[in-house]
Amino acid sequence: DRRPTIVFVGHQLERKGGLRLLELHQRHLRERADLVLVTTETVPELPGVRVVSDLEGGSSRLWKILQDADIMCFPSTIDQAPNAVLEGAAAGLPVIAHPVAAISEMVQHDVTGLLVPPGDDAALLQALTDLVEDPERRREMGRRGRKHVEKNYDMRVAADHLVAVLARVARPAHG
């Protein structure tokens, strides 16, 4: 019974695309969705925007913020493999991002989230609007995103896999 919430996590709004997201929200989405900015930067009070600026690295409060959100948007074009994308997906959120570097592996387009071309504000706005307006689609993408992270990015699974590979390679060859 509440408005959808879009969350952005990034220390530097300009470099991580947060200012673009904020502008799109204020111009097009502020009547339909809330925006939570987790950042260390100062942001003026704006309608439909909440800023979390006192979060310390590794704080468990981030999980509560993510769990209370509906969509993760990370419109950065400079990050190679951002933890924020994996954290959003691990929290069960569909992720909207640009397909740069490893992000295109972290977010499966139209399965766990939406990938939009860098610099294309119209495509970014359309992706946000599509998920704001379709709660079932965003919930299903979030479920799939969480499974994708558990399968491919969980440290325990990765460590077990690495140990198995090393054991296989270390075995003496029979011949």
Side-chain angles (χ1 to χ4, degrees), residues 2-25 28-29 32-39 48-52 55 57 59-155 157-158:
R2 64 172 178 77
R3 293 166 20 127
T5 299
I6 302 162
V7 65
F8 166 88
V9 178
H11 291 289
Q12 301 168 329
L13 291 173
E14 178 72 35
R15 293 187 64 216
K16 307 279 185 174
L19 291 181
R20 287 179 47 234
L21 174 60
L22 180 60
E23 181 182 332
L24 288 174
H25 176 266
H28 304 284
L29 295 169
R32 294 185 280 170
D34 292 322
L35 176 63
V36 174
L37 300 172
V38 180
T39 183
V49 176
R50 182 169 67 97
V51 179
V52 178
L55 208 62
S59 171
S60 62
R61 281 182 48 222
L62 178 61
W63 292 108
K64 175 71 173 135
I65 293 165
L66 293 173
Q67 290 170 347
D68 288 344
D70 300 287
I71 301 163
M72 157 71 77
C73 185
F74 191 77
S76 173
T77 58
I78 65 167
D79 287 86
Q80 302 300 304
N83 285 336
V85 167
L86 293 178
E87 290 165 340
L93 300 178
V95 177
I96 298 172
H98 299 305
V100 295
I103 293 174
S104 59
E105 296 170 21
M106 297 169 149
V107 178
Q108 299 170 310
H109 180 68
D110 215 24
V111 176
T112 66
L114 298 171
L115 296 170
V116 298
D120 189 341
D121 285 351
L124 181 58
L125 177 59
Q126 187 62 58
L128 287 162
T129 301
D130 288 351
L131 292 186
V132 162
E133 294 177 354
D134 193 342
E136 185 51 41
R137 183 177 182 206
R138 67 177 181 252
R139 281 191 291 270
E140 183 58 32
M141 284 182 165
R143 282 191 287 273
R144 290 178 184 162
R146 181 170 173 84
K147 287 180 184 177
H148 178 69
V149 169
E150 288 172 351
K151 179 181 177 191
N152 297 291
Y153 296 96
D154 184 295
M155 288 301 289
V157 173

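Both backbone and side-chain heavy atoms feed into the values below; hydrogens, waters and symmetry mates do not.
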* To do: Scan for side chain to side chain donor-acceptor pair (under 3.5 Å) pairs involving residues 140-150, sequence neighbours excluded, and state none if there are none.
  => Glu136-Arg143, Glu140-Arg143, Glu140-Arg144, Arg146-Glu150, His148-Asn152
* Structure fact -> Rounding to 0.5 Å, atoms CG (Leu115) and OG (Ser104) come to a distance of 7.0 Å
* To do: Could you tell me which non-hydrogen atom of Arg3 sits nearest to which non-hydrogen atom of Gly48, and how far apart they are?
  => NH2-CA, 4.2 Å
* **Asp79: side-chain contact (heavy atoms from CB on, under 4.5 Å) partners, not counting sequence neighbours** => Lys16, Phe74, Ser76, Pro82
* Looking only at atom types and distance, does a side-chain atom of His98 sit under 3.5 Å from a main-chain N or O of Thr77, one as donor and one as acceptor? -> no
* Asked: Do Val49 and Asp34 pass the side chain to side chain contact (heavy atoms under 4.5 Å, CB included) test, and can you show the C-alpha distance, the side-chain angles, and the key distance before you say yes or no?
  -> CA-CA 6 Å; Val49 176; Asp34 292 322; over 6 Å; no
* Asked: Is there a side-chain contact between Pro117 and Pro99 (heavy atoms, below 4.5 Å)?
  -> no
* Trace of the side chain to side chain contact (heavy atoms under 4.5 Å, CB included) decision for Ile65 with Val52 -> CA-CA 9 Å; Ile65 293 165; Val52 178; 3.8 Å; yes
* **For Leu66 against Gly88, the heavy-atom pair lying closest together** => CD1-N, 4.2 Å
Side chains of residues 6-15: which donor-acceptor partners sit under 3.5 Å, not counting sequence neighbours?
{"from": "Gln12", "atom 1": "OE1", "to": "Arg15", "atom 2": "NH1", "distance (Å)": "2.8"}

* **Considering all heavy atoms, the nearest Val85-Val95 contact** => O-CG2, 3.8 Å
* Would you call Cys73 and Leu128 a side-chain contact if the rule is heavy atoms closer than 4.5 Å? -> yes
* State, to 0.1 Å, how close Val116 and Ala123 come at their nearest heavy-atom pair, and which atoms those are. => CG1-O, 3.6 Å
* Please identify each residue that fulfils side-chain hydrogen bond (donor to acceptor under 3.5 Å, both in side chains) with Asp154, with sequence neighbours left out. => Arg156
* **Heavy-atom pair of closest approach, residues Leu93 and Ile71** => CD2-N, 4.0 Å
* Structure fact -> Contacts of Arg50 meeting salt bridge (Lys or Arg N to Asp or Glu O under 4.0 Å) (sequence neighbours excluded), chain-then-number -> none
* Which pairs with one or both residues in residues 88-101 pass salt bridge (Lys or Arg N to Asp or Glu O under 4.0 Å), sequence neighbours excluded? -> none
* For residues 105-120, which residue pairs qualify under side chain to side chain donor-acceptor pair (under 3.5 Å), counting only residues two or more places apart or in two chains? -> Asp110-Arg137
* To do: Only counting residues at least two apart or in another chain, list the ones meeting side-chain contact (heavy atoms from CB on, under 4.5 Å) with Pro135.
  => Arg138, Arg139
* Test side-chain contact (heavy atoms from CB on, under 4.5 Å) applied to Ala102 - qualifying residues, sequence neighbours left out -> Ala81
* Asked: Is there a side-chain contact between Leu24 and Leu29 (heavy atoms, below 4.5 Å)?
  -> no
* Asked: Which heavy atom of Asp70 sits nearest a heavy atom of Pro4, and at what distance?
  -> OD2-CA, 3.2 Å
* Can you measure from CG (Asp68) to OG1 (Thr5) and round to the nearest 0.5 angstrom? => 8.0 Å
* To do: May I have all residue pairs that pass side chain to side chain donor-acceptor pair (under 3.5 Å) and include part of residues 121-135, sequence neighbours excluded?
  => Arg20-Asp121, Arg32-Glu133, Gln126-Asp130
